[in-house]
2 protein chains.
Amino acid sequence: MSPAGSGDAGAAAKGDGSPTVGPERHRNAVQQAAARLFSEKGFTATGVREIAGEAGVDPALVIRYFGSKEKLFLRTMTMSVDFADLMGGPLDGLGERAVAFVLDRTRGLVVNGPDATRSYSAGVFAALLRASDRPTVRAHLAESVEEMFVGLVAGRLSGADADLRARLMAAQLTGLMTAMHVVEDPGLTDASDADIVRYYGRSIQQLIEG
Amino acid sequence: MSPAGSGDAGAAAKGDGSPTVGPERHRNAVQQAAARLFSEKGFTATGVREIAGEAGVDPALVIRYFGSKEKLFLRTMTMSVDFADLMGGPLDGLGERAVAFVLDRTRGLVVNGPDATRSYSAGVFAALLRASDRPTVRAHLAESVEEMFVGLVAGRLSGADADLRARLMAAQLTGLMTAMHVVEDPGLTDASDADIVRYYGRSIQQLIEG
DNA sequence: GTCTATACACAGATAGAC
DNA sequence: GTCTATCTGTGTATAGAC
């Protein structure tokens, strides 16, 4: 598909904070390859030997560095709260903005820093949800939802059952992402973003207001 | 936990349509054990040998009967459209009714007929979603959502973008089930059903009406 | 013919050699 | 610190016992 993992090229120098030279470089290469493969092919279909092959290292190193395939998955498929800003606006129209944000990131690819994974992407969420058969993955997913969707808006809602309403709003956003990236309903993925924002956003807004 | 697979006992005679005697009985025992284990422990954590053990048959038979563990999973974790009746009522209050239905079946266990799997349960949905890493499972899930949520209400909505609105409504129901049975948010599972029905139902109703 | 026992293939994980 | 060889466990296929 996309010529993303161009491989050997792009070995340009970094600044100073996070070195791309020395032993760290192998570790980073594994992490980057894993992030790409996991978010594209999923946990099950991605093998340790495949990750190692793309990163240009020995398969045993992958385990040695990260403990297990599952740990590596958890480390790379981590979403951060970088859209705290978006939620920080006025309550008016927050529903529409939240939906628009989710749709905007719908095709986004994973971007990793050298030490921790940053930048949210719907692909990450889908990969987590698809692999939620495993308890550790489920816990990780729950933590992410709590941190990203619930926590950011819970304190801002007023009126009765504010916490419950925030969680129901999180459930709605989860549902939209699930429908688009797991169920992959063509009726949704082919629909115009503007329409989805309008209808779904209005529905969410209903929860934000009492 | 439950003494479900009581095994040898209960070998009572059946009517005439579907025999519980002879070779069919083993097949049925496997299916029943699989349904219970899959919906309780998930696809990955449930082994073929474990299913065979609980059913009291040889592990090889499981594969011989159903082709593969995945095929068996698909066959047992199938939801039917037995709640077509519930959706058949008036459009007024349909949102609340849909949410109430989902919550009602929230703790239901899987019940299988001898030939096909019947009776919807949220556990089945959760098991499917959790195992959606596999393409066949994902296709099966998409089919179920289309058949159960979208198809039943799509023709009934009027106004602009009726199909899109029906799919968005399906996404919301999906989200509620995901939040409760995959993410397992305690703030939702411990909340009163009446509150959830009220808030979430009202939100869904917004989509039903233009 | 139907079930049982055994053998194979593949992936993740480990222990030891350069 | 990095790679080679091996082990374990799971899904799957086959050949033999009643």
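Order of the sequence lines sets the chain letters (A, B, ...), proteins ahead of strands, with each chain counted from 1. The basis for the numbers below is simple: all heavy atoms, side chains too, and nothing from hydrogens, waters or symmetry mates.
Rounded to whole angstrom, the span from the CG atom of A/Asp58 across to the P atom of C/dT14 amounts to 15 Å. Here C/dT14 presents its C1' atom at 18 Å from CZ of A/Phe66, a figure rounded to the nearest Å. Whole-Å rounding puts the A/Lys69 NZ to C/dC10 P distance at 16 Å. With rounding to whole Å, B/Asn28 atom CG is found 17 Å from C/dT2 atom P. At whole-Å resolution of the value, CD1 in A/Ile63 and C1' in C/dA13 are 6 Å apart. Rounded to an integer number of Å, the gap from CZ of B/Arg27 to P of C/dT2 is 12 Å. Whole-Å rounding puts the B/Arg64 CZ to C/dT4 C1' distance at 12 Å. Atom pair A/Glu70:CD and C/dA11:P shows a separation of 18 Å (rounding to whole Å applied).
Residue B/His26 places none of its side-chain N or O atoms closer than 4.0 Å to OP1 or OP2 of C/dT2. Look at B/Tyr65 and you won't find any side-chain N or O under 4.0 angstrom from OP1 or OP2 of C/dT2.
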Hey, what are the protein-to-nucleotides 16-18 of chain D N/O distances that come in under 3.5 Å?
none

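Taking 4.5 Å as the limit, every side-chain heavy atom of A/Met77 sits out of range of all side-chain heavy atoms of A/Val137.
Side-chain N/O atoms of B/Thr174 and A/Thr178 include no donor and acceptor closer than 3.5 Å. Checking B/Glu184 against B/Thr189 by side-chain atom types alone, no donor-acceptor pair falls below 3.5 Å.
A/Arg165 places a side-chain N or O within 3.5 Å of a backbone atom of A/Leu207 that can act as its donor or acceptor partner. Between the A/Arg138 side chain and the A/Asp133 main chain, a donor and an acceptor come within less than 3.5 Å of each other.
The stretch residues 41-51 of chain A comes close to DNA chain C through A/Thr46, A/Gly47, A/Val48, A/Arg49, each having a heavy atom under 4.0 Å from the strand.
A salt bridge is defined here as a Lys NZ or Arg NE, NH1 or NH2 lying under 4.0 Å from an Asp or Glu carboxylate O, and B/Glu96 with B/Arg198 fails to meet this definition.
A cation-pi geometry, defined here as NZ or CZ lying under 6.0 Å from the six-membered ring centre and within 45° of its normal, does not hold between B/Arg134 and B/Phe73. Judged by the 6.0 Å distance and 45° axis criteria, A/Arg167 is not positioned over the aromatic ring of A/Phe149.
Contacts of B/Gly67 with the nucleic acid, taken as non-hydrogen atoms under 4.0 Å apart, involve only primed sugar atoms and P, OP1 or OP2.
Taken to the nearest 0.5 Å, the CG atom of B/Leu168 stands 9.0 Å off from the CG atom of A/Asp185.
Closest contact between the side chain of A/Leu61 and the listed nucleotides D/dC3, C/dC3, D/dT12 involves D/dC3.
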